[in-house]
Amino acid sequence: MSNKPDRVTFQKRLDEMVSTLRRDILTSVRPPGDYLPSELALAEQYMLSKKSVRKGLELLVEEGLITKEPRVGNRINAPASVPKVSLKLGCYPSLDDEMDLKGLLEQFHAQYPHISVDTITLPYTHYPEAIQGYLENGWVDVLSLNTWNFREMLEHGELDRFLTLEPDPEAYSFLGDYLAHEGRLYARPLTFSPVVLCYNKTLFRKWGMPEPDSSWSWKQLAETAAHIQREHQLFGFYAHIASTNRFPIVLLQKHFRFAQEEGGYRYDDPKLWDSLGMFRELIYGQGLSASFLSESDGDAEKLFLQQKTAMVMTTYYGLKMLKQADFEYDLAPLPYEQSAKTLLLVTGLAVNRQSKQEEAARLLVDFLGSAAAQLHIRKETLSIPARKSSAEWDGAETMYRPSRFNLYREIVPTFSSYADLGITMEELHRLRNELKLFWANMEQAQDAAARLASRLGVKSRQ
């Protein structure tokens with residue numbers, strides 16, 4: 001076998017050379033008027049051929065960063081001659097709180113003063129349809145993409161609207177699978193979170209009650225929640241049970257997969273309704289009324305912040321709502337009965353294939369995935385950065401952080417995805433809407449199953 005590096009390795013080396021030189025020029029590490037090292041020196045430094053080096057330098061010439069002077073060398077141009085670039089970043093509205101996006105974009109502009117970034121708010125729902133016009137008309141160059149929306153794009157056959165990206169070898173290895181298909185990465189992971197249990201440590205210690213740990217079952221949580229409600233007149237446990245980031249977890253824990261038949265999905269499996277019924281009983285077993293106390297996951301965190309409930313299902317993303325908490329809280333793995341499983345949610349950045357600013361777009365994605373930016377996320381927010389060394393940074397904290405913040409490292413084997421359910425995102429969203437009467441405790445399992453079979457089955461056959 002030949003030990004000669006393959007084409008992918010050569011391309012990575014070339015990309016590294018171009019990116020490093022570009023950054024050094026734009027940040028004046030290599031000042032205007034100076035000359036770059038010779039092509040031979042660059043070839044030796046980056047283990048490339050002179051032909052490959054020449055190809056990379058031609059990109060910098062096209063960008064106006066250097067001027068090729070025959071028989072002299074490659075002279076670095078003055079910043080004034082560097083063309084201005086305007087990028088459009090489409091992003092979820094929650095990103096500013098979850099990763100201090102505003103602060104990171106200020107850092108990016110300081111490093112690349114010729115690139116300005118304007119943000120455009122993107123929706124979470126009906127993502128493929130909502131962003132179609134943005135992509136086709138080039139109205140966004142870079143856009144946020146979470147695991148739910150990624151699967152929607154995959155199921156609609158729309159992934160080719162994004163450029164493929166190189167994985168970051170410094171990121172947690174399991175993250176790429178959630179934003180990749182057939183070995184191609186379509187979005188660079190920036191942050192992630194499993195769904196976990198959050199509890200009021202101050203109240204648990206005040207009451208002298210054992211704190212939740214990895215041995216807890218849903219039965220133990222239900223008994224503890226009922227005790228708290230009975231003895232202390234507040235909800236022991238709450239979750240926004242209609243959330244597609246919550247109720248599917250009890251199905252994953254029982255290894256449930258939706259079965260398909262000709263024209264649609266089957267909804268008459270007793271395991272489905274045993275699982276959903278158990279989840280519903282966690283709420284109503286505490287004697288709560290049938291009316292919903294939440295319209296979104298964030299409403300559950302608000303109840304927790306107001307100390308109306310002692311435990312809540314949440315994510316590291318949701319912890320942003322607890323920054324003003326005047327009590328101690330901590331994290332624990334989700335309880336389980338059959339198998340310890342939880343959903344892993346990943347947020348990344350994708351590049352629009354129609355972007356006319358591909359190089360600048362890739363620079364932005366690389367910057368937000370860099371060690372410095374990822375460490376900023378770790379220090380300034382309660383989100384988990386994708387880069388391992390940044391996530392596991394151990395230094396002086398500037399804000400309250402739960403003592404078990406690093407819990408996610410212990411439960412990696414429990415991470416699961418929507419794909420494990422065997423149902424499309426469109427059908428899962430439709431199921432969520434059809435379960436409203438069931439979640440409100442106004443419909444029994446057999447009635448819900450019959451109605452779902454008639455309504456969803458007919459829709460699926462259309």
Side-chain angles (χ1 to χ4, degrees), residues 1-79 81-83 85 87 108 111-112 114-115 141-142 162-171 173 176 180 182-189 349-351 353 355-374 386-389:
M1 292 180 60
S2 172
N3 290 323
K4 183 179 179 180
D6 58 25
R7 184 177 301 178
V8 174
T9 301
F10 272 122
Q11 187 61 48
K12 287 182 179 179
R13 292 174 182 174
L14 180 58
D15 291 343
E16 180 188 0
M17 183 197 77
V18 173
S19 297
T20 301
L21 293 177
R22 182 189 291 116
R23 182 175 62 249
D24 288 351
I25 292 170
L26 293 173
T27 56
S28 297
V29 171
R30 297 182 184 274
D34 279 8
Y35 288 83
L36 294 179
S38 68
E39 292 178 359
L40 178 59
L42 290 171
E44 292 177 350
Q45 180 180 351
Y46 291 96
M47 294 182 287
L48 292 165
S49 67
K50 289 181 66 176
K51 181 179 179 180
S52 295
V53 168
R54 208 167 289 126
K55 178 182 176 182
L57 294 178
E58 286 172 359
L59 290 175
L60 299 179
V61 171
E62 292 174 6
E63 294 173 15
L65 297 177
I66 62 174
T67 297
K68 197 173 189 65
E69 297 183 351
R71 295 187 295 278
V72 178
N74 295 287
R75 179 173 51 81
I76 298 170
N77 293 332
S81 64
V82 177
V85 176
L87 280 181
F108 176 76
Q111 186 167 334
Y112 301 101
H114 72 297
I115 305 177
D141 303 289
V142 180
F162 307 131
L163 292 174
T164 55
L165 303 173
E166 289 295 326
D168 180 3
E170 301 300 321
S173 59
E182 294 182 343
R184 299 186 186 93
L185 185 68
Y186 290 93
R188 176 77 60 81
L349 287 183
V351 177
R353 186 176 291 277
S355 171
K356 297 179 180 179
Q357 308 292 347
E358 180 183 333
E359 288 297 324
R362 288 183 181 272
L363 275 180
L364 177 60
V365 172
D366 289 343
F367 171 81
L368 292 176
S370 68
Q374 291 278 289
R387 185 174 277 242
K388 189 174 188 292
S389 59

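Not measured: the values here are computed from a predicted model.
By the 30° and 60° cut-offs, the orientation of the rings of H114 relative to Y112 is perpendicular.
When side chains are defined from C-beta on, F108 counts as touching L364, because their heavy atoms get closer than 4.5 Å. Looking at E44 and P37, their side chains never come closer than 4.5 Å, going by heavy atoms from C-beta outward. Using a 4.5 Å cut-off on side-chain heavy atoms (C-beta onward), V18 and L60 make contact. Looking only at side-chain heavy atoms (C-beta outward), R188 and V351 stay at 4.5 Å or farther from each other. Residues R22 and E359 meet the side-chain proximity criterion, which asks for heavy atoms closer than 4.5 Å. Side-chain contact between T164 and Y186 is present, with at least one heavy-atom pair separated by less than 4.5 Å. In this structure, L163 and R362 have side chains that are in contact, with non-hydrogen atoms separated by less than 4.5 Å. Within the 4.5 Å cutoff, side-chain heavy atoms of L21 are placed close to those of L57.
Remark: I25 CD1 to N74 CG distance equals 9.0 Å, nearest 0.5 Å. Expressed to the nearest 0.5 Å, how far NZ of K50 lies from OG of S38 amounts to 8.0 Å. Here the straight-line distance linking atom OG of S52 with atom CD of E39 works out to 11.0 Å at 0.5 Å rounding. Distance CG/D34 to CD1/I66: 13.0 Å, rounded to 0.5 Å. Annotation: the span from R23 atom CZ to S370 atom OG amounts to 8.5 Å, rounded to 0.5 Å. Summarising the geometry, atom CG belonging to L42 is positioned 11.5 Å from atom CZ belonging to R54; distances are rounded to the nearest 0.5 Å.
At least one donor-acceptor pair closer than 3.5 Å links the side chain of N77 to the backbone N or O of G64. A side-chain donor-acceptor contact under 3.5 Å links R353 to the backbone of F162. Judged by distance alone, with hydrogens and angles left aside, the side-chain atoms of R13 form a donor-acceptor pair with the main-chain N or O of M47 at under 3.5 Å.
Residues L87 and A360 come closest through the heavy atom pair CD1-O, 3.5 Å. The two residues P189 and A386 have their closest heavy-atom pair at O-CB, 3.3 Å.
The number of heavy-atom neighbours closer than 6.0 Å to NZ of K55, taken from other residues, nucleotides and ligands shown, is 12 or below.
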